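The figures here come from the full heavy-atom set of this structure, side chains too, leaving out hydrogens, waters and symmetry mates. Remember, it's a predicted structure, so these values are computed and weren't measured experimentally.
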Amino acid sequence: MSFLDAFRIRRTRGSRVASMDREATPDDLDALRSFARSRQGVEFFVEPETMVTDTTAVAVATDGEWTRRRVGSPKVIQRVARERGLPVYDVQIVGYPERMRAYNARMKAEGRADRRLQSPGAPPVRTSRPPPRTPRPATPPTTPPPKEGE
């Protein structure tokens with residue numbers, strides 16, 4: 001019996017399987033469980049299946065650190081969350097938490113690609129206004145060329 005059959009994913013999803021991506025494995029769920037055990041305030045956000053990617057779940061900690069793994073079905077991550085007493089949200093309904101975006105912004109500000117913070121700290125300040133634009137230099141008005149016969 002395969003991993004997906006053990007969780008009855010085939011029965012709920014039918015025979016459709018993403019053809020360009022691999023399916024969820026027990027290692028994916030172990031990684032989510034490990035992340036939840038080693039971090040504070042973890043919440044799961046379920047992402048829908050696409051044509052090229054199986055259903056995934058994003059685990060987000062209190063500080064915004066996150067990890068994404070394939071889960072095969074929303075029912076699977078709901079079962080994992082229930083084991084740990086953690087909440088599960090549908091990302092299409094509630095969106096991603098602000099702390100996740102703030103964490104990504106801190107990582108970008110530090111020039112980090114591995115998503116591990118070098119120093120703790122507050123996220124960068126976000127404003128609702130876009131940065132000011134540099135004004136273009138003024139161009140002198142052009143006069144149309146004189147018409148023939150004038």
Side-chain angles (χ1 to χ4, degrees), residues 1-139 141:
M1 178 182 334
S2 77
F3 166 75
L4 296 174
D5 293 334
F7 284 102
R8 298 186 191 142
I9 294 171
R10 291 277 180 242
R11 191 178 313 162
T12 59
R13 284 181 50 213
S15 61
R16 296 177 302 127
V17 176
S19 62
M20 297 180 66
D21 196 17
R22 70 174 178 82
E23 293 181 344
T25 66
D27 292 338
D28 292 320
L29 294 180
D30 290 343
L32 289 170
R33 286 184 182 109
S34 174
F35 185 89
R37 272 193 304 270
S38 62
R39 308 290 188 302
Q40 292 291 318
V42 173
E43 297 174 320
F44 292 111
F45 294 84
V46 179
E47 299 172 321
E49 176 183 15
T50 68
M51 292 300 289
V52 294
T53 306
D54 212 354
T55 301
T56 55
V58 178
V60 183
T62 302
D63 67 350
E65 184 179 1
W66 59 276
T67 187
R68 175 181 286 119
R69 295 288 187 272
R70 290 165 186 83
V71 293
S73 164
K75 290 181 180 183
V76 175
I77 193 61
Q78 289 167 354
R79 188 172 297 134
V80 170
R82 198 169 34 249
E83 290 171 6
R84 306 236 11 110
L86 299 173
V88 179
Y89 304 105
D90 185 328
V91 79
Q92 290 182 303
I93 296 172
V94 300
Y96 295 101
E98 180 61 34
R99 66 183 185 273
M100 182 178 166
R101 288 189 285 277
Y103 179 85
N104 289 342
R106 287 195 312 266
M107 299 307 306
K108 186 175 182 179
E110 289 184 6
R112 301 290 305 221
D114 63 356
R115 294 189 301 122
R116 298 235 181 246
L117 287 174
Q118 293 297 314
S119 60
V125 176
R126 292 181 62 111
T127 64
S128 58
R129 293 184 181 169
R133 294 186 176 200
T134 307
R136 293 183 180 171
T139 57

Are the side chains of V91 and V58 in touch, meaning some heavy atoms are under 4.5 Å apart?
no
What pair of heavy atoms forms the shortest contact from T56 to R70, and how long is it?
CG2-CA, 3.9 Å
Nearest heavy-atom approach of V42 to A59 is CG1-CB, 3.9 Å
Contacts of A57 meeting side-chain contact (heavy atoms from CB on, under 4.5 Å) (sequence neighbours excluded), chain-then-number -> L32, V71, I77
Please check: side-chain N/O of R39 versus main-chain N/O of D63, any donor-acceptor pairing under 3.5 Å?
no
Quick one: list whatever passes ring-ring contact (aromatic ring centres under 6.0 Å, His included) with F45, sequence neighbours left out.
Y89
What's the shortest heavy-atom distance between A24 and G72, and which atoms?
CB-N, 3.7 Å
Who passes side-chain hydrogen bond (donor to acceptor under 3.5 Å, both in side chains) against E83, sequence neighbours left out?
R33
Which atom names give the shortest non-hydrogen contact between V60 and W66, and what distance separates them?
CG2-CB, 4.0 Å
In terms of heavy-atom contacts, R84 and A36 come closest through NE-CB, 4.0 Å
Might you point out which heavy atoms bring A61 and R99 nearest each other, and give the distance in Å?
O-NE, 2.8 Å
Between the CG atom in D30 and the CZ atom in R37, the distance rounded to the nearest 0.5 Å is 7.5 Å
Kindly compute the distance separating CE (M100) from CD (E65), expressed to the nearest 0.5 Å.
11.5 Å
Between the OG atom in S73 and the CZ atom in R79, the distance rounded to the nearest 0.5 Å is 8.5 Å
Under the rule for side-chain contact (heavy atoms from CB on, under 4.5 Å), what residues qualify as partners of Q40, not counting sequence neighbours?
T62
